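Bear in mind that the values here come from a model prediction, so they are computed numbers and not experimental data. Whatever order the structure lists ligands and atoms in, that order sets their numbers, starting from 1. Just so it is clear, the values below take in all heavy atoms, side chains as well, and ignore hydrogens, waters and symmetry mates.
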Amino acid sequence: MTSIAYQLLKEHLLEGELRQGEEIKIKIDQTLTQDSTGTMVYLQLEAMAIDDIRTELSVAYIDHNMLQTGFENPDDHQFIQSAAEKYGLVFSKPGGGICHQVHLEQFARPGKTLVGSDSHTPTAGGIGSLAIGAGGLDVAVAMASGFYYLKVPKILNIKLSGKLRPGVNAKDVILTILGKKTVKGGTGYIVEYSGEGVKNLSVTDRATICNMGAELGATTSIFPADEITEAFMRRHGRGDDFKPICATEDAVYDEIMELDLGKVVPSVAKPHLPDQYEAIDTLGEVKVDQVAIGSCTNSSYTDMMKVAHILKGRKVHEDVSLVISPGSATILQALSENGALATMIQSGARILESACGPCIGMGQAPKSGATSLRSFNRNFKGRSGTKDAKIYLASPETCAASAIKGYIASPADLEGLDYIEEPESYEHATNYLIYPKAKSERPKETVMGPNIKPFPLAKPIADKIEGDVLLKAKDNVTTDDICPSTAKLLPYRSNVPKLSNYAFSTLVEDFKERAETHNGGIVVGGENYGQGSSREHAALLPLYLGVKAIIAKSFARIHRSNLINAGILPLVFKDPADYEKISEWDHLELDDVKKSLESGNFTLITPAGNIELLGEFSERERDMLLEGGYLNYTKNRRESV
Ligand code: MIC
Ligand code: SF4
């Protein structure tokens, strides 16, 4: 009666019982970090004063903060490289590719657990890894100790049948699922795929689907590891790492959804959320100004070859700027050898290096009021770097067809898209990777540039918390809202004081001033507060500005953990309707906080009367809050690290 997810959780179980909602401790085999969250991870690792890591493999990638408009980003790269050398990690140099794509090609293995400081870490679920996105501190602890805590999720089984029609991409599958389930539909679930249709999807198709499971709010997504997985691994020279994994026939799931791949059609997510599904056939004519192809969702070799196939002998529309970033140096090298790169250039496309690039607003911000069509996974307002831009998400095929036409166009009637063959074997671009030296030869110190500032540390929680409501936000606040990321701000990911000037700046211009004049305070949110990126800066900026508690209708998983790790109290309304009773600037009070932490029931004193709040914390989470966050908690228990 076992799903793949429960099999892997069981194999890695260190403490606790595999019962839904229970907190368990699992063994972590692999970790990954990227640079925009990685500097914090390595500062935290330094603070733990360990001399070795306890995972089988840890990789530090540089792929996000790639624009070097000043010394800040290259200094961060240098710091991360020096930390990788000190702690014995594999280091992937800038240009090597997007962490999730490179990890899939070179390191991810079926049956292994992976924790990454990036919300799209579940991409490796496409190969059959149990891969979870987490906050930086959780990843630092996973490296230092080899374990990770999570609440046992429910399992949503998506049974796939049929086969995708030519011109339909795995992206259309996950957009369809998002349209049905919404951006909070996967909260508290692992999404496990099964059924006859699985064998009709390549590993990179599966990875695309798992990647955007993050947009569903799911803990992770996973596919079986089968003969398709084995062939993928052989092509990448890793056939010996293959291990088959599948659910047992009588596996039990909490929810089942059926999806016929043959019925999926080319589609988009409209601005400004990934669940704003619409089939292209019913969309009407939407003119595009910019088209961007790439990102960890859709930048595989096959995706790139489909794009090249569509662009061959055609011309990018004169009013459109088409940018393409292949997912890894390995793919870029293959495209340059087989002529596809020349085809792209001939069509008038701009070729970017293998990195996150426009997906995280690192360049290629669209013009004012532009419509930008992207093969990416997030279309939050302002994330592109242009506040009034309208971002649509679609498959690489749809993007390429639209770049030629000048409006969002279906690729369904284009021929030849089902004949893309992968090479028999890939030549990995291994010169971007630096492997660790023997322990005795490793440097003892890291190198830190002047922009790298210490991260804020929480204080043990007080028994009485009071403060004014600094901000009352609506549903689905993203971590991009709390800590915006653009080319201008990403260089300050290792400088929390500087970054705090921009806290919540997509929602209000003056949050820092509000916090300073009110001596800290409380933030109120709606449903799914903190969805999106795993950036723990979305907890560290409020911590730095003196925010003591966040009260919301519900929280996204990673952000809730990040708040607790940072010693900030996340509480939910017992009756969501009480949200209406609170206004901005109300003075709120919580008495007997320590006793309430025990019972899980909190009473909030507000000008409109008392409101019941819930805070269901595990014993470990309670202790972390009482001791002032995860780092203090870990320091207090040094022997177990
Ligand atoms: C993202 O896609 O939002 C990011 C940038 O990769 C983030 C990490 C970050 O904020 O640095 C994520 O997904 O976790
Ligand atoms: Fe990079 Fe975008 Fe993927 Fe985040 S979603 S890891 S920014 S490519």
Side-chain angles (χ1 to χ4, degrees), residues 32-41 61-67 73 76 80 92 94 96-104 115-124 131-136 138-139 171 174 207-208 210-215 217 220 274 292-300 303 323-328 352-364 374-380 382-385 391 393 478-487 489-494 499 502 530-541 556-559 561-562:
L32 71 78
T33 58
Q34 40 86 342
D35 49 321
S36 67
T37 54
T39 46
M40 281 298 148
V41 176
Y61 294 92
I62 307 289
D63 55 359
H64 280 62
N65 296 356
M66 300 276 285
L67 280 189
N73 286 341
D76 282 354
I80 294 174
S92 174
I98 305 173
C99 54
H100 309 303
Q101 181 64 34
V102 181
H103 209 79
L104 193 71
V115 168
S117 66
D118 190 281
S119 63
H120 291 104
T121 303
T123 311
I132 304 177
D138 283 310
V139 179
K171 174 65 144 281
I174 188 67
T208 297
C210 290
N211 175 282
M212 283 190 77
E215 275 53 67
T220 188
I293 302 177
S295 92
C296 58
T297 318
N298 275 119
S299 59
S300 66
D303 280 343
V323 295
I324 303 177
S325 27
S328 70
L352 305 180
E353 64 182 326
S354 295
C356 300
C359 178
I360 186 58
M362 263 292 170
Q364 274 63 46
R374 299 170 162 216
S375 75
F376 305 167
N377 49 34
R378 289 187 173 143
N379 55 348
F380 305 150
R383 183 176 158 106
S384 66
I391 311 296
L393 306 175
T478 69
T479 47
D480 276 72
D481 291 322
I482 309 170
C483 170
S485 277
T486 59
L489 298 186
L490 274 159
Y492 302 113
R493 281 295 183 90
S494 27
L499 207 52
Y502 302 91
Q531 67 156 332
S533 154
S534 66
R535 63 191 71 149
E536 66 193 319
H537 303 76
L540 297 179
L541 304 191
R557 177 187 65 90
I558 304 179
H559 187 58
S561 299
N562 284 341

- Message: Apply side chain to side chain contact (heavy atoms under 4.5 Å, CB included) to residues Arg383 and Cys359 and explain how you reach the verdict.
- Response: CA-CA 8 Å; Arg383 183 176 158 106; Cys359 178; 3.5 Å; yes
- Item | side chain to side chain contact (heavy atoms under 4.5 Å, CB included) partners for Ala134, two or more places apart |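 Ala134: side chain to side chain contact (heavy atoms under 4.5 Å, CB included) contacts with Val115, Asp138, Val139, Tyr148.
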- Query: Should the proximity of Thr297 to ligand 2, defined as any heavy atom under 4.0 Å, be assigned to the side chain, the backbone, both, or neither?
  - Reply: neither
- Query: Between atom OG of Ser494 and atom CG of Leu499, what is the distance when rounded to the nearest 0.5 Å?
  - Reply: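 Between atom OG of Ser494 and atom CG of Leu499 there are 9.5 Å.
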- Task: State the OG-CD distance between Ser119 and Glu215, to the nearest 0.5 angstrom.
- Result: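 Reported to 0.5 Å precision, the distance equals 6.5 Å.
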- Task: Taking all non-hydrogen atoms of both residues into account, name the closest pair between Pro122 and Gly133 and its distance.
- Result: CD-N, 4.1 Å
- Smallest heavy-atom separation, Leu352 atom then Pro358 atom, equals CD1-CD, 3.7 Å
- Message: Looking only at the side chains, is there a donor atom on one of Asn211 and His100 sitting less than 3.5 Å from an acceptor on the other?
- Response: no
- Tell me yes or no: between the side chains of Asp118 and Gln34, is some donor less than 3.5 Å from an acceptor?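 Indeed, the side chains of Asp118 and Gln34 share at least one donor-acceptor pair under 3.5 Å.
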- Message: Closer than 2.8 Å to atom 1 (Fe) of ligand 2: how many protein N, O or S atoms are there?
- Response: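 Counting protein N, O and S atoms closer than 2.8 Å to atom 1 (Fe) of ligand 2 gives 1.
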- Task: Check each protein residue for a heavy atom under 4.0 Å from ligand 1 and list those that pass, ordered by chain and number.
- Result: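 Ligand 1 is contacted, at a heavy-atom distance under 4.0 Å, by Gln34, Ser36, Thr37, His64, Asp118, Ser119, His120, Ile360, Arg378, Arg383, Arg493, Ser533, Ser534, Arg535.
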- Message: Using side chain to side chain donor-acceptor pair (under 3.5 Å), reason through Ser36 and Asn65 one step at a time and then give a plain yes or no.
- Response: CA-CA 6 Å; Ser36 67; Asn65 296 356; 4.7 Å; no
- Query: Quick one: side chain to side chain donor-acceptor pair (under 3.5 Å) partners of Ser328, sequence neighbours excluded?
  - Reply: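 Ser328 satisfies side chain to side chain donor-acceptor pair (under 3.5 Å) with Glu105 once adjacent residues are dropped.
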- Message: With heavy-atom distances below 4.0 Å as the criterion, list the atoms of ligand 2 near Asn377.
- Response: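 Result: 5 (S).
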